[in-house]
Amino acid sequence: MASSYGWGYLSDTRGRRRVMQYALYGTAVASSFANDFWSMLVLRLLAGVCASAPSAIVYAYLGEFCSPSKRAQVISYASVWASVAMMYIALLDWWILQYDWSWAITTDYRIRPWRLIFVVYTLPGFGTGLAFRWFPGSFI
């Protein structure tokens, strides 16, 4: 939440679409390649900072492109999708973590189910970041 103020300032000065797009890319799969506790801690912190941008900006972005009569309805639908995303995360955890497998990339690095979860979690955000290339920009 602390980074939301910074993201709000950037979205007001640089444009909501651009800031959301780059923040969604910032939550990419880098943390799944962490090899130790400290690198995982730093990369997940950065992913969390980047993940707060879309949640802080999306309602203002939606409000710009809706008529006043439909604005409340569209923002309510966006809030519902946040709940759907939480169910998506829980179902993916349940499905992926029940397996016990390992795939060796190098002698020190192995792909395991918990690393796969980080990759799968970022796919919708990465796809949304790509889709933002064709969305209209904000009117700043």
Side-chain angles (χ1 to χ4, degrees):
M1 289 208 30
S3 63
S4 296
Y5 294 108
W7 289 120
Y9 172 76
L10 284 174
S11 72
D12 287 343
T13 58
R14 305 278 194 247
R16 290 172 185 36
R17 180 184 66 124
R18 180 183 303 161
V19 171
M20 279 197 297
Q21 185 178 12
Y22 291 133
L24 286 166
Y25 292 148
T27 59
V29 297
S31 57
S32 65
F33 298 109
N35 285 329
D36 61 354
F37 173 77
W38 294 107
S39 62
M40 175 65 81
L41 181 74
V42 169
L43 290 170
R44 291 309 298 166
L45 176 70
L46 291 174
V49 167
C50 289
S52 70
S55 63
I57 301 170
V58 69
Y59 301 111
Y61 182 78
L62 289 172
E64 286 182 352
F65 299 108
C66 297
S67 64
S69 63
K70 294 288 185 181
R71 188 170 295 148
Q73 182 180 9
V74 169
I75 290 175
S76 295
Y77 286 145
S79 298
V80 168
W81 280 106
S83 299
V84 171
M86 293 302 141
M87 290 186 287
Y88 163 79
I89 288 170
L91 288 172
L92 281 177
D93 279 347
W94 172 74
W95 181 59
I96 292 174
L97 288 178
Q98 69 181 339
Y99 298 108
D100 187 27
W101 52 268
S102 177
W103 180 40
I105 302 273
T106 66
T107 57
D108 295 333
Y109 186 77
R110 303 183 75 76
I111 299 288
R112 298 185 190 274
W114 66 269
R115 289 184 196 257
L116 179 63
I117 285 175
F118 287 130
V119 174
V120 171
Y121 283 171
T122 61
L123 292 177
F126 191 74
T128 304
L130 288 175
F132 265 113
R133 294 177 57 90
W134 294 281
F135 287 4
S138 57
F139 306 113
I140 59 170

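Here the shortest heavy-atom pairing between Ala60 and Arg16 reads CB-NE, 3.3 Å. Of all heavy-atom pairs spanning Arg14 and Val19, the tightest one is CB-CG2, 4.1 Å. Smallest separation of non-hydrogen atoms from Leu24 and Gly129: CD1-N, 3.7 Å. Taking all atoms of both residues into account, the shortest heavy-atom contact from Arg71 to Cys66 is NH2-O, 3.1 Å. Of all heavy-atom pairs between Gln21 and Arg133, the closest is NE2-CG, 3.0 Å. The minimum heavy-atom distance between Pro136 and Tyr61, with the atom names listed, is O-OH, 2.5 Å.
Other residues sharing a hydrophobic cluster with Phe37 under the 4.5 Å side-chain heavy-atom criterion for ILVMFWY residues are Trp38, Leu41. Applying the under-4.5 Å side-chain rule to Ile, Leu, Val, Met, Phe, Trp and Tyr, the cluster around Val42 extends to Leu46. Hydrophobic cluster membership of Tyr22, counting Ile, Leu, Val, Met, Phe, Trp and Tyr whose side-chain heavy atoms lie under 4.5 Å apart directly or via other members: Tyr25, Phe126, Leu130.
For Ala85, the side chain to side chain contact (heavy atoms under 4.5 Å, CB included) test picks out no residue, with sequence neighbours left out. The side chain to side chain contact (heavy atoms under 4.5 Å, CB included) check on Ser76 picks up nothing, with sequence neighbours excluded. Ser3 is linked by a side-chain hydrogen bond (donor to acceptor under 3.5 Å, both in side chains) to Ser52, counting only residues two or more places apart in sequence or in another chain. Considering only residues two or more places apart in sequence or on other chains, Tyr77 meets the side-chain hydrogen bond (donor to acceptor under 3.5 Å, both in side chains) condition with Gln73. Applying the ring pair (Phe, Tyr, Trp, His ring centres under 6.0 Å) test to Tyr121 and every residue at least two apart in sequence or in another chain returns nothing. Not counting sequence neighbours, Ser4 has no partner by the side-chain hydrogen bond (donor to acceptor under 3.5 Å, both in side chains) test. Arg44 is linked by a side-chain hydrogen bond (donor to acceptor under 3.5 Å, both in side chains) to Ser31, counting only residues two or more places apart in sequence or in another chain. The side chain to side chain contact (heavy atoms under 4.5 Å, CB included) search around Leu116 returns Ile96, Trp101, Val120, not counting sequence neighbours. Every residue two or more places apart in sequence or in another chain that forms a side chain to side chain contact (heavy atoms under 4.5 Å, CB included) with Trp81 is listed here: Val84.
A continuous path of ILVMFWY side-chain contacts below 4.5 Å connects Leu10 to Tyr59, so both sit in one hydrophobic cluster. Under the 4.5 Å side-chain heavy-atom criterion for Ile, Leu, Val, Met, Phe, Trp and Tyr, Ile105 and Val119 are members of the same hydrophobic cluster. The hydrophobic clustering, which links ILVMFWY residues whose side-chain heavy atoms are closer than 4.5 Å, places Trp103 and Tyr109 together. Follow the hydrophobic side-chain contacts under 4.5 Å out from Leu91 and you never reach Trp95; the two are in separate clusters. Under the 4.5 Å side-chain heavy-atom criterion for grouping Ile, Leu, Val, Met, Phe, Trp and Tyr, Met87 is not connected to Trp94 through any hydrophobic cluster.
Annotation: Trp114, atom CH2; neighbour count of heavy atoms from other residues, nucleotides and ligands within 6.0 Å is above 12. Remark: Asn35 CG is packed, more than 12 non-hydrogen atoms of other residues, nucleotides or ligands lying under 6.0 Å away. Other residues, nucleotides and ligands place no more than 12 heavy atoms under 6.0 Å from the CZ atom of Arg18.
Put simply, the side chain of Phe135 does not reach to within 4.5 Å of the side chain of Phe65, judged on heavy atoms. Side-chain contact check for Leu92 versus Tyr88: some heavy-atom pair is nearer than 4.5 Å.
No donor-acceptor pair closer than 3.5 Å links the side chain of Trp7 to the backbone N or O of Ala51. The closest donor-acceptor contact from the side chain of Arg115 to the backbone of Ala34 lies under 3.5 Å.
Outside the 6.0 Å centre-distance limit, the rings of Tyr5 and Tyr9 are not counted as a close aromatic pair.
Rounded to the nearest 0.5 angstrom, Leu62 CG and Ile57 CD1 are separated by 12.0 Å.
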